[in-house]
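For clarity, every value in this text was computed on a predicted model and none was experimentally measured. Start at 1 with the first residue, then count along the sequence.
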Amino acid sequence: MLSLSFTPLLPWPAIAVLGLIVIVLAVFAVLARGRTALLRVLVLALVLAALTNPALVREDREPVKDVAAIVVDRSGSQALGDRPQMTDAVRAELQRRFGALADIEPRFIDVPDSKDGDDGTKLFTALSQALADVPPERLAGIVMLTDGVVHDIPASLAQLGIKAPLHVLVTGHPDERDRQIKLLEAPRFGIVGKDLTIRAEVMERGGTGHAVVTVRRDGEEIGRRDVATDKPFSLNLRIEHGGPNVVEIEVEPLPGELTTVNNRAVLPIEGIREKLRVLLVSGEPHQGERTWRNLLKSDANVDLVHFTILRPPEKQDGTPISELSLIAFPTRELFVQKIKDFDLIIFDRYANQSVLPQAYFDNIVRYVREGGALLIAAGPEFAGPASLARTRLAGILPGDPDGRVVEKPYKATPTQVGQRHPVTRALPGSDANPPAWGDWLRIVEARTRPGIQPILSGAEGLPLLALSREDKGRVALLLSDHAWLWARGYQEGGPYLDLLRRLGHWLMKEPALEEEALRAQTTGRGREVRVERQTMADQAEPVTVTGPTGKVTTLTLKPGEPGLFTATFDAETLGLHTLRSGNLVAFVSVGPANPRELADVFSDTDRLKAVADGSSGSVRRVAEAGGGIQVPRLALVRGGRLAGSDWIGFRPSDSASIRGVEVYPLALGLAALAALAAALLAMWLVEGRRGRAA
């Protein structure tokens, strides 16, 4: 390819000025001398042309292919229904058809879900990044294979510096139907023992107008209700325990609906205890009494009621009643009228001295079986005839004393079961053998009930701490009154705060202290999820993970600490994941609680129509009425329309790459000098003849 180029020896403004001077001189010369002055004009023109330094340029060009961008939407909404199969089929057909276009280079751009948050489907952002190395003139066209739910649509392609046509192939079907649950008011916190209100709405398209909603709490169904769709409804729910209360609201699916992923909403509500009301009854003053009191009073969330029996009813020492300043023990008020107001009852070295009648012990048994908590901190009195084990509490106590009290130094040691139990697992100092904490000096010998295994043992391997569940409630039996030795720093003390607080939290049914528990949470590293399975068994069952799209995978857990098994996995999609192990269930939300991808799941041909029409492109569905797939023909179009009823067009650019360049100067060298000399000689000869003739 030949072309003429100029590389002036002077700036173009200077050459323009010289050109004007040449024109003026040429006019005067022609007027003064006639046509003979034209030779002088020719010489000046040659000199002026030489100053522009003209040259012939010969370029060796090789045609290059134009680029067609095919953007494939792989977001969460594209995984619904038969859209994945439809997308794969259309992508394969496009790849085959582009293979027949020799002058077009197809560039496939797969766009997955965002990994960092709820950004939705951003096809145009991915398109701009993928075409950063492509000159705009080489882009012949764009094909977007999507369900039409795109969240970064520009006003026009010109904003992105793109002049090529945009053709949109929409997956999905126009008659899609779906039902989903939407939370309108979802409190994140609730007071334990009190009701709160959740407002929600069942939204549907192509439904029946009514739906059955199932409500579960911590995986257990607590009610069903028939509600009208597309209208808000309210649910009253009681917070049963502190920590996470996982509330699941699920609406029954429609026949043939698009997806059931959004038929369920899960709301974790953090249960907060307004005040932990504790009743502490000390049977007599002793060294450890202050330890219990200080521990409970140090917690601002504990409302403590403490009574110490200083004068049992049978005591007769002759002191006049008028001189006694003791407060009467309000037994009826505490154990009849207000017993249900307490979250925990502690008997600390309490002996049955006829202060409480047997009917009151019946009330305590009923209180425990209906969900209350009881802790017995026993001393020598527990082995005697006035023992609480000789009352009607005997049916719920984890152990029965045999009448012997052992007084010798010993280390409180976690048993094999206790090494797995969350109350005693990994207590500070327990990793040493013997444990690196101080001795206790007394233990009450007792036999645990069948099926109950102690979690701490003491002197001679005797049970020291035993736990049991009684219907809805819980009971703990500590068979020594020497925990205060740790608090006083005897032999460098021990982890009494950890032990007693964990014990209290277990009695309060805190989820973190459950013997059998399944927990899952994101780690903060991308989409990584950590799964923990607490169990008292030697092995943990596999965990099945159901993702937002319904895909089920199985996790094999590895042992960590005793009784604790863990695993991690990377979530493929954003949204709510359900984990199950046996009869345990847990939920973890990867990314936002309500992803934009699932807020609107219907395929749409309208959202991208404006930007496609503005680029002379097109929007069409690929699903045919009979269930087949229609992929339009591909055509190269140099002018006119770029789309038809069964075809889409791409605009070629005839671009080429330069392989070599040859330059031939016209104003330099012998040829130019000869032309100038010939012009001067001709001018001299012509003007010389005219002079002689004159």
Is the F569 ring parallel, tilted or perpendicular to the H577 ring (thresholds 30°, 60°)? tilted
Minimum heavy-atom distance L157-A164, with the two atoms named: CD1-O, 3.5 Å
Polar side-chain atom of S615 near backbone of L166 as donor-acceptor pair, under 3.5 Å: yes
Would you check if V266 and S589 make a side-chain contact, meaning some heavy-atom pair closer than 4.5 Å? no
Side-chain donor-acceptor distances from residues 99-108 under 3.5 Å, at least two apart:
from: R107; atom 1: NH1; to: A130; atom 2: O; distance (Å): 3.0
from: R107; atom 1: NH1; to: D133; atom 2: OD1; distance (Å): 2.9

Quick one: does N262's side chain have a donor or acceptor within less than 3.5 Å of a partner on Q180's backbone? no
Are W647 and V637 packed together at the side-chain level, in the sense that at least one heavy-atom pair is separated by less than 4.5 angstrom? yes
Going by heavy atoms in the side chains, are I249 and L267 under 4.5 Å from each other? no
Can you find a pair of side-chain heavy atoms, one from V585 and one from E248, that are under 4.5 Å apart? no
Pick one: which of V168, D147, V619 meets side chain to side chain contact (heavy atoms under 4.5 Å, CB included) with T605? V619
Between R83 and Q78, the two heavy atoms sitting closest are CB-O, 3.3 Å
Thinking salt bridges, do E201 and K182 make one under a 4.0 Å N-O criterion? no
Any D570 side-chain heavy atom under 4.5 Å of E528 side chain: yes
Is a side-chain N or O of H151 found less than 3.5 angstrom from the main chain of K122, in a donor-acceptor match? no
What residue among T146, V72, L169 forms side chain to side chain contact (heavy atoms under 4.5 Å, CB included) with T87? V72
side-chain contact (heavy atoms from CB on, under 4.5 Å) assessment of D230 paired with M203: CA-CA 5 Å; D230 297 317; M203 305 171 63; 4.0 Å; yes
Should the pair E204-R179 be classified as a salt bridge under the 4.0 Å nitrogen-to-oxygen rule? yes
Are any non-hydrogen side-chain atoms of L608 and V611 less than 4.5 angstrom apart? yes
For A69 and L127, which heavy atoms make the closest approach, and how far apart are they? CB-CD1, 3.8 Å
